[in-house]
Student: 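Could you have a look at this structure, given as structure tokens, before my questions?
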Amino acid sequence: MSISEGENVKGRYLITTPIYYVNDKPHIGHAYTTIAADVLSRFHRLKGEQTFFLTGTDEHGSKVAEAAEKAGISPQQLCDKNSQFFRNAWQELNISYDYFVRTTDQRHIQAVTVLLNKLFSAKDQKGEKVVYSGEYSGLYCVGCEKFITEKDLVDGLCPSHLKPPQSLTEKNYFFRLSSYLPLVQKLISEDKIRILPEEKKNETLGLFKQGLEDFSISREKVTWGVTLPFDPSQKAYVWVDALPNYISAIGYGDNPEEFKKWWSGGKVIHLIGKDILKFHNIYWPAMLLAAGEKTPDLLFVHGYFTVDGQKMGKSLGNVIDPHRLIEKYGSDATRYLLLTQFPFGQDGDIQEKRLENKYNSDLANDFGNLASRVLKLIKENFSGEIPEPEDYQKEEKELQAQAVDTVRKVFDYIEEISINQGIDEILKLVRLTNRYVDKTAPWNLAKAGDKSRLRTVLYTSAETIRVISLLFYPVIPQKASKLRETLGFKEKELIPSLEKEKDWGYLKPGTKIGEITALFPRLSEKEKKAVEISKEKKMENQISIEEFAKLDFRVAKVLEAERVEGAKKLLKLKVEFGEEKREIVAGIAEHYKPEDLSGKTIILLTNLKPARIRGIESNGMLLAASEGGNLVLLTTDKEINPGAKIS
RNA sequence: GGCGGCGUAGCUCAGUUGGUCAGAGCAGAGGAAUCAUAAUCCUUUUGUCAGGGGUUCGAAUCCCUUCGCCGCUACCA
């Protein structure tokens, strides 16, 4: 057990995003996580810390194999193609990853093989084998030749083959998660594995209470995957294939020194979305412990967002392609806007209107215009050379103190992954500088011919803008560099360094400034409309008559009823309506005895998606009214034939 | 049903351990200024801090409870 050897070298970071499944196209959700990771990485590099920023694609699994077959190409070709989409998107967004891992890379496969062997030969504290063979049972579609989950079913049928799946059992290898749960739980509650935000830590700890079962690490029927070294008839299942990307990319399988440098020698930060919380917060540390490796230092779980109040989803057609935002706002502004819509770590809503507002107010009006006004004043009054400050007065000293203080605050926030607060501090400094410029009114000093005071004021303003360019660089790298170029920095200094320029006075008087252009041109009303996607907002909680008409309610008669074995609340009912007979399961056993039900007239929703409850398929839902602990069945006021439609 | 989270100005949200905590930004209104991307700066309206009860000298902040929303989960369907 090597948790104690995790004596971190200060200032070395491994920062990761999840690896994205190649069956998806890059969307705004992927972009969000990746941008955040990029911003964090750039902040650490700015501090001069060693940083390894890792992202990549997850490429195995039967879904990929299927998609490839459909497209008439090999799975590898499909992966090559789709993986490239992600790299293109990241290039557009200026993502500075150090390594792009692909689970179909030979080196990844090798690392997974090494890990699997390690796990296979590992024993837990009680001396039991960590990996054991067992049986996995699930719903299997013969057409697809794979297991499908209930969620994938449409009307109880496999959506691609329109056949009911069959229950099937296959041999699998399992990971003895149970042996590591107490330790993982302890590490999490003691913040040895830190989980942020705090709520997500609690949520994770809550999972332990619910009981977690050993999980399967292999599949027999899958062909596109990593072959188990100890059983060639099986492929590694997603979690033992995907999660190890974090170590394969830094040399777990082929470069122990490099691996050690980053993994045990650095602070490991995983950025994840809340959908994969359980796997990263529990499975992954457990696997690492079993393999004798250090557990991650920090798991940051960020939120999900809705778009204009609606969940994002392919079916809803409101998936935002990062391209569109980049076209409208540019790469830097897109980065800024996505990160500032809501606190990192919470769920939030993205609204076109708010993106526009924020672009204009923060970036164009506050920041861009500040740079413009100050630089133009320098150009006009000092023929484009940074003036030499003379006598710093109270106003200057205050602004200086604020600027220096902001640098400290921003880095403090970033250390805690509070990206929003960090950015907010930068914006505060921008506003402060605008206020300073207004208060000192350099244009009046120019008119009055007070050159001495004017020099001091303009130098102070420009120098503060330089500090802002330093702090803003990780968020908006291109624009920040552009601004630095205008401030007169040469190539090597376009990328700032905290060490060199954290103190006041880095900007050298006499430096010739460059050509002044608008950093973030304001969006005109026309441009706003050009890309608008707003749709009629539906009244919440109201449905249309068409929607109601989709519900097929019928009068039905109960033929027989019986208890469901082992279930307190469930009854299995045979019902009849019109010509049709059906079996449904209803949770009414605590209120109705089976013998009282036969012959009863009920109201049945007939076109509800079937569901398996306690192994029995239920093909409809009867209506009942409940209040507190009371429940009564709905029936008809007078006799009517079963099958009668209700509307 | 269980577990967890959330509910603070029109909007997005800050409010560590209870005592200037009733705030910021945006939007709205009025004004100043004119260097600047018609940008900036100043002033300003709205809040039973979801409702109720309790602990306390004192609670948005702790406890109980009700309501609403969200997530996971279950013998909901």
Side-chain angles (χ1 to χ4, degrees), chain A residues 197-212 274-275 277-278 303-304 306 311 340-343 346-351 353-358 360-381 416 418 420-421 424 427-428 430-447 454 457-458 461 516-524 540-541 563-571 584-590 604-605 608-624 626 629 631:
Chain A
E198 194 74 16
E199 303 95 82
K200 297 298 185 214
K201 174 181 169 185
N202 294 337
E203 196 176 323
T204 307
L205 289 171
L207 288 173
F208 287 95
K209 274 188 263 171
Q210 297 198 0
L212 290 152
K274 60 182 187 177
D275 54 329
L277 178 143
K278 182 160 88 177
Y304 266 14
T306 48
K311 224 177 218 174
T340 54
Q341 285 301 293
F342 53 89
Q346 286 184 23
D347 288 350
D349 189 40
I350 300 242
Q351 288 167 22
K353 259 253 105 47
R354 287 224 319 270
L355 293 175
E356 289 167 356
N357 272 343
K358 213 157 170 58
N360 272 348
S361 67
D362 290 5
L363 295 177
N365 298 353
D366 286 351
F367 177 50
N369 180 54
L370 169 68
S372 265
R373 65 197 301 214
V374 170
L375 287 162
K376 285 199 176 162
L377 282 163
I378 291 175
K379 190 180 169 193
E380 293 299 310
N381 292 289
E416 292 294 299
S418 299
N420 293 273
Q421 272 126 306
D424 206 47
L427 247 284
K428 275 187 194 159
V430 168
R431 297 197 184 99
L432 227 49
T433 314
N434 265 322
R435 241 171 274 169
Y436 167 79
V437 173
D438 266 53
K439 211 187 289 174
T440 52
W443 49 93
N444 287 339
L445 296 171
K447 276 181 206 154
L454 184 60
V457 166
L458 288 184
S461 308
I516 302 163
T517 51
L519 277 181
F520 295 100
R522 271 180 70 84
L523 288 180
S524 64
E540 277 167 44
N541 296 325
R563 286 187 173 279
V564 173
E565 193 96 10
K568 260 194 305 207
K569 297 183 183 171
L570 297 183
L571 289 184
I584 67 167
V585 177
I588 55 171
E590 286 175 327
L604 186 72
L605 176 60
L608 185 67
K609 208 165 122 177
R612 290 190 88 74
I613 299 154
R614 289 295 275 193
I616 304 163
E617 187 166 281
S618 179
N619 293 291
M621 175 170 81
L622 61 77
L623 299 192
S626 65
L631 182 144

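Every chain is numbered from 1, with letters handed out A, B, ... down the list of sequences.
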Student: rC11(B) P sits how many Å from Lys353(A) NZ, rounded?
Tutor: 16 Å
Student: Looking only at atom P, what distance separates rG2(B) and rC64(B), rounded to whole Å?
Tutor: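 15 Å, rounded to whole Å.
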Student: Quick one: on RNA chain B, does Leu207(A) or Leu432(A) contact a more 5' nucleotide (nearest heavy atom)?
Tutor: Leu432(A)
Student: Taking the P atom of each, how far is rA36(B) from rG31(B), in whole Å?
Tutor: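 Each nucleotide's P atom is 24 Å from the other's.
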Student: List the atom of Ala364(A), the atom of Phe520(A), and the distance in Å for their closest heavy-atom pair.
Tutor: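 Where Ala364(A) meets Phe520(A) most closely, the heavy atoms are CB-O, 3.2 Å.
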Student: For rG71(B), give its Watson-Crick or G-U wobble partner with both distances under 3.5 Å, or none.
Tutor: rC3(B)
Student: In whole angstrom, give me the gap between the P atoms of rC75(B) and rG18(B).
Tutor: 42 Å
Student: Any idea which heavy atoms bring Thr433(A) and Ser461(A) closest together, and the distance?
Tutor: CG2-O, 4.4 Å
Student: What integer number of Å spans the C1' atoms of rG19(B) and rU55(B)?
Tutor: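 Straight-line distance between the two C1' atoms is 16 Å.
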Student: Using the C1' atom as the point on both nucleotides, what is the distance between rU8(B) and rC21(B), in whole Å?
Tutor: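 Their C1' atoms lie roughly 11 Å apart.
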Student: Could you tell me the separation between the OH atom of Tyr436(A) and the P atom of rC41(B), rounded to a whole number of Å?
Tutor: 15 Å
Student: Without decimals, in angstroms, what is the distance between Leu570(A) CG and rA74(B) C1'?
Tutor: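 Atom CG in Leu570(A) sits about 11 Å away from atom C1' in rA74(B).
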Student: Could you check which nucleotide pairs with rA32(B) in any of the strands shown, counting Watson-Crick or G-U wobble with both distances under 3.5 Å?
Tutor: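 Here rA32(B) is engaged in a pair, and the nucleotide opposite it is rU40(B).
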Student: rA24(B) P sits how many Å from Arg435(A) CZ, rounded?
Tutor: 11 Å
Student: Between rU20(B) and rA60(B), how far is it from one P atom to the other, in whole Å?
Tutor: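 Their P atoms lie roughly 10 Å apart.
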Student: Per the salt bridge (Lys or Arg N to Asp or Glu O under 4.0 Å) rule, which among Lys428(A), Arg435(A), Arg522(A), Arg431(A) passes with Asp366(A)?
Tutor: Arg431(A)
Student: Any idea which heavy atoms bring Pro442(A) and Leu458(A) closest together, and the distance?
Tutor: CB-CD2, 4.0 Å
Student: So do the side chains of Ile584(A) and Leu604(A) get within less than 4.5 Å of each other, counting heavy atoms only?
Tutor: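 Yes, at least one pair of side-chain atoms sits under 4.5 Å.
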Student: Measure from CG on Leu623(A) to C1' on rC76(B) and round the result to the nearest Å.
Tutor: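 Atom-to-atom, Leu623(A) to rC76(B), this comes out as 14 Å.
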Student: Tell me: CZ of Arg354(A) to P of rA27(B), nearest whole Å?
Tutor: 13 Å
Student: Lys278(A) has an atom NZ; how far is it from atom C1' of rU73(B), in whole Å?
Tutor: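 That distance rounds to 9 Å.
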Student: Using the P atoms only, state how far rG30(B) lies from rG15(B), rounded to an integer number of Å.
Tutor: 34 Å
Student: Do you know the tightest heavy-atom contact between Ala586(A) and Leu622(A)?
Tutor: CB-CD2, 3.7 Å
Student: Can you tell me the base-pairing partner of rG23(B)? Count Watson-Crick or G-U wobble geometry only, both distances below 3.5 Å, and say none if there is no partner.
Tutor: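 Paired with rG23(B), as far as the under-3.5 Å criterion goes, is rC13(B).
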Student: Whom does rC62(B) pair with, Watson-Crick or G-U wobble, provided both distances fall under 3.5 Å?
Tutor: rG54(B)
Student: Can you find a heavy atom in the side chain of Glu203(A) that is under 4.5 Å from one in the side chain of Lys274(A)?
Tutor: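 Glu203(A) does not reach Lys274(A) side chain to side chain.
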Student: What interatomic distance, in whole Å, is found between C1' of rG23(B) and the corresponding atom of rU46(B)?
Tutor: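 14 Å, rounded to whole Å.
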Student: Can you check nucleotides 32-37 of chain B for protein contacts, nitrogen or oxygen pairs under 3.5 Å, and list what you find?
Tutor:
unit_1	atom_1	unit_2	atom_2	d
rC35(B)	O2	Arg373(A)	NE	3.2
rC35(B)	N3	Arg373(A)	NE	3.4
rC35(B)	N3	Arg373(A)	NH2	2.6
rC35(B)	N4	Arg373(A)	NH2	3.1
rA36(B)	O2'	Asn369(A)	OD1	2.5
rA36(B)	N3	Asn369(A)	ND2	3.2
rA36(B)	N3	Arg373(A)	NE	3.3
rU37(B)	OP1	Lys376(A)	NZ	2.3
rU37(B)	O2	Phe520(A)	O	3.2
rU37(B)	O2	Arg522(A)	N	3.1
rU37(B)	N3	Phe520(A)	O	2.9
rU37(B)	O4	Gly368(A)	O	3.1
rU37(B)	O4	Leu519(A)	N	3.0
rU37(B)	O4	Phe520(A)	N	3.3

Student: Identify each donor-acceptor pair in which a side-chain atom of residues 370-377 of chain A lies under 3.5 Å from a protein atom, sequence neighbours left out, and give them as a table.
Tutor:
unit_1	atom_1	unit_2	atom_2	d
Arg373(A)	NH1	Asn434(A)	OD1	2.9
Arg373(A)	NH1	Asp438(A)	OD1	3.3
Arg373(A)	NH2	Asp438(A)	OD1	2.9

Student: For Glu380(A), which contact category applies under a 4.0 Å heavy-atom criterion: base, sugar-phosphate, or nothing?
Tutor: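 No contact at all - Glu380(A) keeps every heavy atom at 4.0 Å or more from the nucleic acid.
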Student: With heavy atoms under 4.0 Å as the rule, sort Asp362(A) into base, sugar-phosphate or nothing.
Tutor: nothing
Student: Rounded to the Å, how far apart are Lys201(A) NZ and rG5(B) P?
Tutor: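 In whole Å, rG5(B) P lies 13 Å from Lys201(A) NZ.
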